[in-house]
Amino acid sequence: MHEIKKRIRNMYPFHKIEKKWQAYWEDQKTFCTPEQPHPNKEKFYVLDMFPYPSGAGLHVGHPEGYTATDIMARYKRMKGFNVLHPMGWDSFGLPAEQYALETGTHPRETTLKNIDRFRAQLKALGFSYDWDREIATTDPAYFKWTQWIFLKLYEQGLAYQAEVPVNWCPALGTVLANEEVIDGKSERGGYPVVRKPMRQWMLKITHFAERLLEGLEALDWSHSIKEMQRNWIGRSEGAEVNFQIKDHPGKEIRVFTTRPDTLFGATYMVLAPEHSLVDMLTTTEQQQAVQRYQKQAATKNDLERTELQKQKTGVPTGSYAVNPVNQENIPIWIADYVLSTYGTGAIMAVPAHDQRDYEFAKTFDLPICEVISGGALQKEAHQGDGRLMNSSSSFISIDGLHVEGAKQKMTDHLEREKVGVRKINYKLRDWLFSRQRYWGEPFPIIFVDGEPKPLPETDLPIELPDVESYKPSGTGQSPLTTMEDWVNTVDVETGKPARRETNTMPQWAGSCWYYLRYLDPYNDKQLVDPEKEKYWMPVDLYVGGAEHAVLHLLYARFWHKVLYDAGVVSTKEPFQRLINQGMILGEMEYTAYRNAKGAWISAEDVGEEETCHPEHVDEFQVQKQDEFFVLKEHPGIRVNARAHKMSKSRGNVVNPDDVIRDYGADSLRLYEMFMGPLDQVKPWSMKGVEGVYRFLNRVWRLIIHEKTGTLNSAADEEPSSKQLRALHKVIKRVTEDLDSMDFNTAIAAMMEFLNAAQKWGQIPRSVIEPFILILSPFAPHMAEELWKKLGHAQTLAYESWPVFSPDYLKEDEVEMIIQINGKLRGKIMVPVGYPQAEVLNRVRSDTSISKYLENKSIQKEIYVPGKLVNFVVSAS
RNA sequence: GCCCGGGUGGUGGAAUGGCAGACACAACGGACUUAAAAUCCGUUGCCCUUUUAGGCGUGGGGGUUCGAAUCCCCCCCCGGGUACCA
């Protein structure tokens, strides 16, 4: 209570101002983008990753990116662009369904309530969205088109059904998402989870692997995101090679290898335990061992497999394959280090030149045959370059070649002999596109005589029926299965009875194309009007969290290419420029530890003691000693100093509502941008919020008289050259920083301007007005209010962005630094344009410098005009 | 292990080959006040020194350069992602 009172005393009236301007913008539709945009203006489409409207409301991480885009949107409007800046909701999703399960509330109700809350919170931040274009993926008018896109995918042969293992939890009677499974147990209840194959829809994203890879080139995305996408797609060049199987004429094992050059070094083969040929290959003697191993591998979850990464396991099948280059017989094993999902699910093992094969061979005492010189095979596999050896037979020789040449020659040989082909392989797998859930888009598919059949476009949208219970069916299928009235239908074309698809689409579906719907949100004839699409696409700036670096961005790019092929969109890529904001962590925490007896333990000893209790200590109780923090009272006791990810369980979540209540939306916006570079991880600090809040108060008081509330500045007098220089300097810096999205330094520049302006007394109107304008994208409420107080009737949202004039930045004199042997030894002021020889003369005769030149000879004089003079001297 | 990002005062950060620490927080001192809050003014990388002057300093080590936080090589630490991808 006391806290709040003391703040109220001297604050500017942000409560009143912010509500007032939010209402004004809404009434006046200030930020609505017209259907017919101004023809002479350039377009700028600035997009946020739309949120999932969770029950918890906004947290301070959301407004980070949203503020950045809002500043850019406001800046570009003032720069004369047609700006499109929309917002919507990614509103299908698991939490609403789980809540429904617990409370019986329809997910639609929960979702609408959460959307209302989110919308109110976003409006309280003063974002300049065009709310007339708001969309929600759960709206039938929206998901009609999600379903329509699925029909396109189906038509193009890009959707198919397959039996794919899912996380089946018998105790819960439901299928779980990976994130709901922890250590092989269900997150809720801790029941065992097994992998069970179920019929699923798959999308052939792998057909687009090459295009998804190539498309990255021209995009203005950070190096790291592009790299992560490249790694995810995982292109590798090599060959597929067929190995005959001894005693099984006509049967062969196909492997993929990136190293056909090492074929002579293949001393055994390994199949994934799930490989389809395993049963046939297993000899009677090995049957028991193989089956035991297969069973073991199937029950292992990912985590267990990971733990076993050091110790290779496997069993021989008892059969042999024939190496096609030398006709030698090599044993066939199964081992879980070979994955059924990559390549062909089988490898030729070259222990001399692949580290995993090497470890496996060492474990099971299999032969290691060196075929490339230059390694140290007693220690490890030699995976680098060298000359080929031991690689000739009556069929081919590649001895003496280097790796690259050997690869080519061998692959040519394999192709000629028809035992292998060049092949490009991708890590990328097809996209599992169905979920056994209620709260998702229904598929526009019916089954007639057990065969899938797409529904006609005219039937769309296929809406979700209201079910009685959200409980899982118990069979792992969606709760929709229990809705007999809905499931059973009739194929209109043939009159035959039909069943609806009861799987629903994953949450990704709606977010794969939402950026297109904003362009034309009310169109019920088309996904988007081609004219509008041509005008607005691509998205010029897309900002969102790094957690979407791979999946969302890859899936959306995939759909975009499908829509491109279907003629729906005109650009090959949807998002031209992408920025990932860094996570905002909780406040810095200092943690000390006590043992069971209550005595302090130094942080580096924690873990050695049996039990120790972490204890939060205040900033004032610690101090830095060398590179560590220690307790002031006990300098021998080290303390951990770290900021942690915000989480409910840790109790360090900052709620934007509280910040807005105490400091106002403008302060929150400004602080989020002042913390540091947008893309960096950074800890929250309430003290930092107070800092920017003080800055805003000072801006206010500079213009508005504290007691009377009347204008304090803005006299109609001529500005001094000092004032003009300060003004044009800040315009220049803010403009340039906005162009490169360096918001933190732009704010610092405005703070510097204010620090100078506070010393001026009266400030001319021609100086203060441009300053208000450049402040306005950051703190729009305050700027609008001040603009109005300065006598303007209209919003400043479409005022022209101030332009700086280099003329005002000119100085008569510049300060030059003087270095001796690169060390700073003095400074002098010289007139601009002063000749080099004169400057050097003055430096040489400068009294503060001469002592460094005594008994020395000048070897070299470095002169950087307007910046520095450096004398390289040595003892004479 | 691999991939990506990062390491600068007590803290967040600025400077991308030319004055290290802009701006802000915190701390300390002062003004105003009966007092406090708010506000305003000042000090504030470390060491040595009464002052002056100087030395050291951007995770560590080496190199390139007249000059390196910035470029190159090696190493250490922190964060995120990923899981044997043949």
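To find a chain, count down the sequence lines: A is the first, B the second, and so on, and within it residues start at 1. Note that the structure is a prediction, hence the values are computed from the model and not measured.
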Distance below 4.0 Å between [X] side-chain N/O and [N] OP1 or OP2:
{"X": "Gln355(A)", "N": "C84(B)", "result": "no"}
{"X": "Lys624(A)", "N": "C46(B)", "result": "no"}
{"X": "Ser236(A)", "N": "A86(B)", "result": "yes"}

request  = Take nucleotides 53-80 of chain B nucleotide by nucleotide from the 5' end and write B, S or -, depending on whether a protein heavy atom sits under 4.0 Å from the base, only from the sugar-phosphate, or from neither.
outcome  = SSSS---------B------------S-
task = For Gln758(A), report the nucleic acid contact type (base, sugar-phosphate, nothing); a contact means any heavy atom under 4.0 Å.
result =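 Sugar-phosphate, no base atom in range.
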Please name all residues satisfying ring pair (Phe, Tyr, Trp, His ring centres under 6.0 Å) with [X], sequence neighbours left out, ordered by chain then number.
{"X": "Phe629(A)", "value": "Tyr590(A)"}
{"X": "Tyr342(A)", "value": "none"}
{"X": "Tyr555(A)", "value": "Trp431(A), Trp508(A)"}
{"X": "Trp700(A)", "value": "Tyr12(A)"}

inquiry  = Could you check whether Asn755(A) and Arg698(A), counting side-chain N and O atoms only, form a donor-acceptor pair closer than 3.5 Å?
reply    =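 Result is yes, a qualifying pair exists.
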ask   = Do Thr313(A) and Tyr293(A) meet the criterion of a side-chain donor-acceptor pair at a distance under 3.5 Å?
value =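 Their side chains do contain a donor-acceptor pair, which is all the 3.5 Å distance test asks for.
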Residues forming a side chain to side chain donor-acceptor pair (under 3.5 Å) with [X], sequence neighbours excluded:
{"X": "Ser340(A)", "value": "none"}
{"X": "Lys682(A)", "value": "Glu64(A)"}
{"X": "Glu752(A)", "value": "Arg733(A)"}

query = Do Lys312(A) and C84(B) have a side chain to base donor-acceptor pair shorter than 3.5 Å?
reply =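 It does, because a donor-acceptor pair links the side chain of Lys312(A) to the base of C84(B) below 3.5 Å.
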Cation-pi, Phe628(A) ring and Arg638(A) (6.0 angstrom, 45 degrees) =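 Yes, cation above the ring, under 6.0 Å and within 45°.
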query = In dot-bracket notation, what is the pairing pattern of RNA chain B, taking Watson-Crick (N1-N3 plus N6-O4 or O6-N4) and G-U wobble (N1-O2 and O6-N3) contacts under 3.5 Å, with [ ] crossing and | for other strands?
reply = (((((((..(((.....[....))).(((((.......))))).(((......)))..(((((..]....))))))))))))....
inquiry  = Nearest whole Å is fine: how far is G17(B) C1' from Ile817(A) CD1?
reply    =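 Atom CD1 in Ile817(A) sits about 12 Å away from atom C1' in G17(B).
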query = For Glu672(A) and G12(B), what is the distance between atoms CD and C1' respectively, to the nearest whole Å?
reply =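 That distance rounds to 14 Å.
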task = Could you give the distance separating U49(B) and U43(B) at their P atoms, to the nearest angstrom?
result =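 These two P atoms come out 24 Å apart once rounded.
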Under 3.5 Å, which N/O atoms of the protein pair with N/O atoms of nucleotides 21-27 of chain B?
{"from": "A22(B)", "atom 1": "O2'", "to": "Glu752(A)", "atom 2": "OE2", "distance (Å)": "3.1"}
{"from": "A24(B)", "atom 1": "OP1", "to": "Asn755(A)", "atom 2": "ND2", "distance (Å)": "3.2"}
{"from": "C25(B)", "atom 1": "OP1", "to": "Arg694(A)", "atom 2": "NE", "distance (Å)": "3.1"}
{"from": "C25(B)", "atom 1": "OP1", "to": "Arg694(A)", "atom 2": "NH2", "distance (Å)": "2.8"}
{"from": "A26(B)", "atom 1": "OP2", "to": "Arg694(A)", "atom 2": "NH2", "distance (Å)": "3.2"}

message = Using ring centroids (six-membered ring only for Trp), state whether Tyr268(A) and Phe360(A) fall under 6.0 Å.
response =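 Yes, close enough.
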key: Within residues 259-271 of chain A: residues closer than 4.0 Å to RNA chain B (heavy atoms)   =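 None, since no heavy atom is under 4.0 Å.
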message = Suppose the criterion is salt bridge (charged side-chain N to carboxylate O under 4.0 Å, His left out): which pairs have a residue in residues 222-233 of chain A, not counting sequence neighbours?
response =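 Residue pairs passing salt bridge (charged side-chain N to carboxylate O under 4.0 Å, His left out), neighbours aside: Glu227(A)-Arg230(A).
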